[in-house]
K.L.:
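To start, I am sharing the structure in question, which I have written as structure tokens.
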Amino acid sequence: EVHAEYVQYPAFGPHGNEFPTPYASVELHVEQDKKLLNKGKDIGIVEHIAAPVRFLSKIGTTSLEVEESPFEYNTYLELQVNGNADHSGATPMGEENRADGLLETVVILSDLGEPEDGSEISIGDIEVYEQAMNKVPGLVSTKLRIGANTEESIAEIMDEIRSVVEARNFVHADGASSFKDTSIVLNVIEESEAGEFFRQDDMVARQKTAFGLIESVNKSANHYAEQKCVGTVGTYDVSDDGVISLGVDLRGMTLEPREAMVAHIEKAMESAVLRNYEFDGLGEVLPGSGEAPVILSRDLVNKAVDTVSENLPDVSLMKMDSAAGHDTQNVARAGIPAVM
């Protein structure tokens, strides 16, 4: 048992049991990016640390019902996209750098189209494995149901879906993409493995809005990439009553382009709002995010450069930015001179 009188809460300041304010803070960290590797340098002295603004965007406010297939013939599929799970801040934009499994899933699902003979392709659960707000999605699994009134229609739709998957794998086969040429796999599964499907008349609109938001975040972040911005939808969840929640992480090395990126995304999504898809924009800023990026102590940065140069003459170094967040930025915000 811990008695309250024995618990002390650290705090900086000159009074009572408070700790004195530290003179400085130095953090040593293994780089999460590849800047040092690409530049052939041993040590990086960090000058700026980016800060994220995060949203939990929700699509849908009313409950939807689960629907059994109205078709005589049904085939169930699992679409697997094997991306690379990387840090959302430290991984630059562009398909040459990112193998975003969720974004690639959206590209494929958006290319499927709607069968012309009254048949149906229903999208069920989309699962991002080991998802987190600050991760580029890696492995993503999607359940699909093909419904038709003839076996011939089922076969034709299957061929079309396989063609889309083969085309995407072919796109990645030239080596310009971070995806491998066999990253996308399509398997036939049992109905018992497929889970539940919501009534498509209601769910399709929500899914299209979610896909539009994922693509808008990527497009906007690529637009502002030269201003050292990145944007990621790291999580995708569907509630038991059909509400879709997306975790959006937007980062910038400076505040102005990051805010411009947010405005750019909201502008791109205005049509979804006008079509009344139960989407009210990116939503509120999540706690713990939204702070301005941090500039570290110029004096300490220069001191670190001089110290390394004088004492380790055979070690190469460079000044750099960090797109990933660190404890150092919180220390700096507390008024303590800091370097990393």
K.L.:
I'd like to know if the side chain of Glu27 reaches the main chain of Thr328, judged simply by a donor and an acceptor atom lying under 3.5 Å from each other, with no hydrogens or angles considered.
P.N.:
yes
K.L.:
Run through Leu213, Thr209, Asp237 and flag the one making a side chain to side chain contact (heavy atoms under 4.5 Å, CB included) with Leu246.
P.N.:
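It is Leu213; the other options fail the test.
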K.L.:
Check the pair Asp42 / Ser316 against side-chain hydrogen bond (donor to acceptor under 3.5 Å, both in side chains), numbers first and verdict last.
P.N.:
CA-CA 5 Å; Asp42 300 311; Ser316 60; 3.1 Å; yes
K.L.:
Hey, is the main chain of Gly118 close enough, under 3.5 Å, to the side chain of Glu120 for a donor-acceptor pair?
P.N.:
no
K.L.:
Ignoring hydrogens, what is the shortest heavy-atom contact between Phe71 and Asn149? Give both atom names and the distance.
P.N.:
CD2-OD1, 3.7 Å
K.L.:
What's the shortest heavy-atom distance between Ser178 and Asn97, and which atoms?
P.N.:
OG-C, 3.3 Å
K.L.:
Ile265 and Ser220: which non-hydrogen atoms are nearest, and at how many Å?
P.N.:
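Nearest pair, atom of Ile265 first, then Ser220: CG1-CB, 3.6 Å.
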K.L.:
Checking Arg145 side chain against Asn74 main chain: does a donor-acceptor pair fall under 3.5 Å?
P.N.:
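A pair under 3.5 Å: no.
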K.L.:
Can you see which heavy atom on Gly325 is nearest to which on Arg251, and at what distance?
P.N.:
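So the minimum-distance heavy-atom pair works out to N-NH1, 3.5 Å.
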K.L.:
Quick check: closest heavy atoms across Thr232 and Ser88, and the distance to 0.1 Å?
P.N.:
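Smallest interatomic distance, heavy atoms only, reads OG1-CB, 3.4 Å.
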K.L.:
Calculate, to the nearest 0.5 Å, the distance between atoms OG1 and CG belonging to Thr235 and Leu56 respectively.
P.N.:
6.5 Å
K.L.:
Report the residues that fulfil ring pair (Phe, Tyr, Trp, His ring centres under 6.0 Å) with His326, sequence neighbours left out, ordered by chain and then residue number.
P.N.:
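By the ring pair (Phe, Tyr, Trp, His ring centres under 6.0 Å) rule, His326 matches His29.
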K.L.:
Between Lys39 and Glu31, does any NZ, NE, NH1 or NH2 come within less than 4.0 Å of an OD or OE carboxylate oxygen?
P.N.:
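Lys39 and Glu31: not salt-bridged.
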K.L.:
Before you tell me yes or no, could you show the steps for Tyr76 and Leu144 under side-chain contact (heavy atoms from CB on, under 4.5 Å), namely the whole-Å CA-CA distance, both residues' side-chain angles and the distance that decides it to 0.1 Å?
P.N.:
CA-CA 6 Å; Tyr76 296 87; Leu144 299 171; over 6 Å; no
K.L.:
Please confirm whether the backbone N or O of Ala292 pairs with a side-chain atom of Arg333, one donor and one acceptor, at under 3.5 Å?
P.N.:
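At least one qualifying donor-acceptor pair exists.
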K.L.:
When rounded to the nearest 0.5 angstrom, what is the spacing between OG in Ser183 and CD in Glu104?
P.N.:
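Here the rounded value is 8.0 Å.
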K.L.:
Tracing side-chain links under 4.5 Å among I, L, V, M, F, W and Y, which residues wind up in one group with Tyr129?
P.N.:
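In the cluster with Tyr129 are Leu139.
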K.L.:
Kindly say whether Val301 contributes a backbone atom to a donor-acceptor pair with the side chain of Glu47 at under 3.5 angstrom?
P.N.:
no
K.L.:
Determine, stepwise, if the pair Ile126 / Gln207 fulfils side-chain contact (heavy atoms from CB on, under 4.5 Å).
P.N.:
CA-CA 10 Å; Ile126 299 176; Gln207 289 169 337; 5.8 Å; no
K.L.:
Which residue, Asn187, Ile189, Ile161, Thr142, forms the side chain to side chain contact (heavy atoms under 4.5 Å, CB included) with Leu77?
P.N.:
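Running side chain to side chain contact (heavy atoms under 4.5 Å, CB included) over Asn187, Ile189, Ile161, Thr142 with Leu77 returns exactly one hit, Ile161.
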K.L.:
About how many Å separate CG of Asn169 and CD1 of Ile108, when rounded to the nearest 0.5 Å?
P.N.:
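One gets 7.5 Å once the value is rounded to the nearest 0.5 Å.
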K.L.:
Taking Lys135 for its side chain and Glu130 for its backbone only, find out whether a donor-acceptor pair lies under 3.5 Å.
P.N.:
yes
K.L.:
Run the side-chain contact (heavy atoms from CB on, under 4.5 Å) test on Ile121 and Glu114 for me, step by step, so that the C-alpha distance in whole Å, both residues' side-chain angles and the decisive distance to 0.1 Å come before the verdict.
P.N.:
CA-CA 7 Å; Ile121 302 174; Glu114 299 179 6; over 6 Å; no
K.L.:
Would you call the rings of Tyr224 and His264 parallel, tilted or perpendicular, where under 30° means parallel and over 60° means perpendicular?
P.N.:
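The arrangement is perpendicular - the two ring planes meet at more than 60°.
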